[in-house]
There are 2 protein chains.
Amino acid sequence: MAPKRDNNNTRLDDAARAGWLYYIAGNTQDEIAAKLGVSRQSAQRMVSLAVTEGLVKVRLDHPIANCLDLASRLKAQFGLRFAEVVPTDPASSSTTLGVAEAGAEEMARWLKSSEPIVMAIGTGRTLKAAIEQLSPMECPQHKVVSLTGNIAPDGSAAFYNVIFNIADAIHARSFPMPLPVIASSPEERELLHTQAMIRPVLELAARADVTFLGIGDLGDDAPLYLDGFVSQAELKALQKAGSVGEILGWSFDSEGRMLEGLTNERVASAPIPSGGNALVIALAKGAKKQPAIAAAVKGRLVNGLITDEATAAALLKSER
Amino acid sequence: MAPKRDNNNTRLDDAARAGWLYYIAGNTQDEIAAKLGVSRQSAQRMVSLAVTEGLVKVRLDHPIANCLDLASRLKAQFGLRFAEVVPTDPASSSTTLGVAEAGAEEMARWLKSSEPIVMAIGTGRTLKAAIEQLSPMECPQHKVVSLTGNIAPDGSAAFYNVIFNIADAIHARSFPMPLPVIASSPEERELLHTQAMIRPVLELAARADVTFLGIGDLGDDAPLYLDGFVSQAELKALQKAGSVGEILGWSFDSEGRMLEGLTNERVASAPIPSGGNALVIALAKGAKKQPAIAAAVKGRLVNGLITDEATAAALLKSER
DNA sequence: TATCAGTATGAGCAATTGCTCACGAAACAA
DNA sequence: TTGTTTCGTGAGCAATTGCTCATACTGATA
């Protein structure tokens with residue numbers, strides 16, 4: 001087989017030479033053909049061969065390149081329909097920097113549509129920050145619907161409810177949920193959900209075209225606990241039951257499976273949309289949230305994600 | 001300046017994104033235009049910008065047989081410890097094409113080491129071009145030290161001094177030499193070299209692990225003369241004394257022997273490193289430089305060489 | 001020797017890309 | 001404000017590239 005191999009080698013040599021002249025020296029294929037004494041088509045084939053044989057490696061030296069790469073790997077690995085990765089600023093301690101801006105950008109993209117859409121919104125600091133980045137616009141054709149209540153346990157309006165802010169910013173019809181996040185009992189939850197004011201909202205939420213929500217961790221300083229939606233005892237119980245994160249108050253374990261019982265029996269939020277075409281985009285980044293994000297994407301609780309480089313890299317690594 | 005910079009940054013970001021979609025994801029410019037919501041022409045411009053800004057790096061992963069062969073013969077014939085030969089583009093008049101890319105690659109290979117190293121750097125157009133090809137990386141553990149001054153005779157910073165560029169690109173500690181290339185007298189040279197700021201740099205240079213430098217010819221349009229470091233009269237005198245080339249300003253004859261007297265008495269650069277394990281790699285190609293390169297390798301002034309096929313072949317032939 | 005399968009080659013064509021030019025908006029100076 | 005300059009943009013066109021198909025070649029076999 002020696003002659004064959006020689007042939008292949010010189011073939012690849014020529015291909016490499018053609019590829020070099022094309023990509024490094026910037027020749028046209030006509031020039032290459034002339035220099036190597038072959039026809040233009042043969043030169044084209046050589047260049048093409050050099051590419052298909054993987055001889056030619058293209059790299060992009062820009063932070064954004066890495067982001068795009070991570071995004072496409074996230075999509076592939078977790079079956080996401082949407083993924084965006086923003087650069088990480090190692091110096092910043094913000095839990096929303098970048099993600100908020102990118103989230104706002106993506107929201108604006110949807111809202112620019114002249115077709116009426118239903119946009120569902122969760123709560124949380126990240127989402128709040130995203131809404132703040134949203135440029136005001138006139139969108140009377142759209143509807144924004146809250147997926148979760150805005151009533152704190154003490155009866156006040158929860159600070160991180162964002163439905164009013166977004167409605168303000170874009171002048172769309174808004175559908176808030178005048179509910180607590182977590183009811184005092186399963187029965188109360190059922191009762192609340194049958195209310196005349198709530199049912200249409202839940203129905204609207206179920207057919208949202210796109211959903212933006214945050215992901216909360218369930219560490220000792222879980223937002224759900226800090227904001228008073230669960231007691232310390234309840235938090236401990238959730239942790240003990242294996243919960244690593246929550247979305248809209250729904251707790252799930254490290255595989256992204258919803259917990260049975262505990263506070264999940266009493267969560268008054270709408271279910272996380274999961275209809276066929278519905279895009280459910282989570283905005284979240286940070287080491288603390290990473291297990292929660294990993295679980296959410298693994299369990300297909302969301303099919304879209306906006307995060308940062310560091311978190312994206314960690315997600316890919318943890319699941320390899 | 002903030003808005004300007006922002007603008008530039010987002011411009012480059014967009015360019016990078018377009019470049020990524022084009023070169024990595026294989027989109028056509030029409031598709032990119034659609035995805036980014038711009039016209040086809042703008043997409044084309046972005047891709048083009050990504051290329052001209054050096055965001056896009058193309059590498060060829062195939063040692064062309066002839067180049068390898070030439071490299072190993074160079075090593076054998078001149079006792080080089082390192083030799084790399086890149087293809088020649090006969091039509092190109094560039095004096096750096098290919099050599100710069102290969103040099104950058106070799107530098108990157110050294111810089112990837114987690115062991116702290118000292119890298120010494122010369123000057124010149126070739127080296128400048130090589131640094132431009134170097135991918136940004138984080139190398140706080142390494143030190144880069146300039147072997148030669150960066151002060152032109154008129155007091156300005158010489159354009160082809162590259163120490164700052166490389167330090168920028170790799171975030172290593174840099175040690176420039178705030179000196180002229182050639183002092184006005186031997187006495188001034190001595191004086192300069194005893195300065196507190198210079199001595200440590202010279203000492204560091206002397207123990208560099210690896211050195212990259214260019215080779216200059218001493219024809220009528222010698223870079224040393226073009227850049228104003230020597231007068232025409234001095235150049236003529238050097239030529240008359242048999243000088244065929246210079247490294248860091250040090251002139252040598254066709255056998256690679258350092259000239260006595262003349263400008264060599266006043267060169268303020270560090271000596272060319274020649275310690276036991278130190279690898280001294282010259283980047284140079286081209287017919288004009290060929291006698292200088294031949295002399296440098298014959299006289300063992302360098303023990304590494306990156307050049308192109310045509311020059312390599314000529315070197316081997318001339319010395320057979 | 002005739003035939004045939006497999007493969008390389010060149011022509012022609014359609015798609016893609018790069019360039020130039022003219023226009024219009026924003027920035028700037030009078 | 002008004003004129004000027006610079007910059008970005010889109011249109012149109014020419015060059016370049018990629019693909020398909022018909023043909024020619026190799027060399028293996030009956």
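Every chain is numbered from 1, with letters handed out A, B, ... down the list of sequences.
- As rounded to whole Å, 13 Å separates atom P of D:dG8 from atom CG of B:Asp14.
- For A:Arg45 against C:dG10, a side-chain-to-base donor-acceptor contact under 3.5 Å is present.
- Judged by distance alone, the side chain of A:Thr88 and the main-chain N or O of A:Glu309 form a donor-acceptor pair under 3.5 Å.
- Remark: A:Ser39 is in phosphate contact with C:dG10, judged by side-chain N or O atoms under 4.0 Å from OP1 or OP2.
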Please produce a list of atom pairs where a protein N or O lies less than 3.5 Å from an N or O of nucleotides 22-24 of chain C.
none

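- B:Ser135 and A:Arg59 form a side-chain donor-acceptor contact under 3.5 Å, judged by distance and modelled atom types alone.
- Computed from coordinates, the A:Gln41 CD to D:dG18 C1' distance equals 10 Å when rounded to whole Å.
- Distance check, rounded to the nearest 0.5 Å: CD of B:Gln44 to CG of B:Leu49 gives 10.5 Å.
- Here the side chain of A:Lys285 pairs a donor or acceptor atom with the backbone of A:Leu97 at under 3.5 angstrom.
- Nearest nucleotide to the side chain of B:Ser42, out of C:dA11, D:dT9, C:dT9: D:dT9.
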Any N/O pairs under 3.5 Å between the protein and nucleotides 15-17 of chain C? List them or say none.
residue : atom : partner : partner atom : Å
C:dT17  : OP1  : B:Tyr22 : OH           : 3.0
C:dT17  : OP2  : B:Gln29 : N            : 2.8

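- Around the OH atom of B:Tyr225, the shell of radius 6.0 Å holds no more than 12 heavy atoms that belong to other residues, nucleotides or ligands.
- Atom CD of B:Gln290 is separated from atom OG1 of B:Thr307 by 9.0 Å, given to the nearest 0.5 angstrom.
- The existence of a salt bridge linking B:Lys57 and A:Asp61 is confirmed by a sub-4.0 Å separation between a basic side-chain nitrogen and an acidic carboxylate oxygen.
- Atom-to-atom distance recorded for B:Ile166:CD1 and B:Phe212:CZ is 8.0 Å, nearest 0.5 angstrom.
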